[in-house]
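Okay, so here's the structure we're looking at.
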Amino acid sequence: MSGVENERPFVEEIDGRQLMQPIERYGVKLLSIGFFVDPANALVWRGSMASNALKQLITDTVWGELDFFIMDLPPGTGDIHLTLAQLVPVTGAVVVTTPQEVALADARKAIAFYQLESVNVPVLGVVENMSYFTPPELPENKYYIFGKGGGRLLAQQFEVHFLGELPIEQEIREGGDFGKPIALQPITEAGKAFEQLGQTVARQIAVQNASN
């Protein structure tokens, strides 16, 4: 989605340790398991193997000074999520859902997981993805293909913040496919939605940090 699928991080020795250098694109430092595996083959790992790989990506990398460190986690509440919560001090989790009930069921479990006393990761809020579709020829119209307001209701149910809605639009898909994220185009309606979401999440992080 950032146009770096053919890049390969290199390793250098620093103070006797072999450390990875992340790929950088659009001012963002990136690492992914996808850089280290053959895209034509399935990745068959047990939970412990995935957890060890996550530890290496975090601790064996020269990240340098960062404004934010963001981990994009798979859906669910498995080993990866537990490993992350135990490995680093997590400021907060952003739960992403689509509006329909089948997606909300998983999002409920995710929020409940983070709120467990044994996990205790603050939930910064809920983002509703694919909220609505607006045809280019009818810019004032919104069609709620997957239902309306599910993410907002979920946030109310768990008394967490509703961080915003993201539309489902062709230009978002095209941006991801061609490695030029729509967030780089704030003049578009979809780009504005991503920019606003980023600002809202940053504010919630600032509030969370101030309360600690």
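- Taking every heavy atom of both residues into account, L104 and G150 meet most closely at CD2-O, 3.5 Å.
- Within the 3.5 Å criterion, the main-chain N or O of Q208 finds a donor-acceptor partner in the side chain of S211.
- R25 has its side chain out of reach of E7: every pair of non-hydrogen atoms, C-beta onward, lies at least 4.5 Å apart.
- There is a side-chain donor-acceptor pair under 3.5 Å between E128 and S131.
- Going from atom CZ of F194 over to atom CD of Q199 covers 14.0 Å, rounded to the nearest 0.5 Å.
- Ring orientation note: the planes of H81 and Y114 are tilted relative to one another, at an angle of 30° to 60°.
- Once rounded to the nearest 0.5 Å, the distance linking CG of L153 with CD of Q157 reads 8.5 Å.
- Using a 4.5 Å cut-off on side-chain heavy atoms (C-beta onward), L154 and I111 make contact.
- At a threshold of 4.0 Å, the pair E195-K192 does not count as salt-bridged, since none of the basic side-chain nitrogens sits closer than that to a carboxylate oxygen.
- Side-chain atoms of V4 and F35, non-hydrogen and from C-beta on, do get closer than 4.5 Å to each other.
- Scanning both residues, G179 and Y26, for their nearest heavy atoms gives O-OH, 2.5 Å.
- Distance alone, capped at 3.5 Å, places no donor-acceptor pair between the K55 side chain and the L87 backbone.
- Residues that satisfy the salt bridge (charged side-chain N to carboxylate O under 4.0 Å, His left out) test with K148, not counting sequence neighbours, are absent from this structure.
- Side-chain contact between L54 and I58: present, with at least one pair of heavy atoms (C-beta onward) separated by less than 4.5 Å.
- Rounding to the nearest 0.5 Å gives a distance of 9.0 Å between CG of N129 and OG1 of T97.
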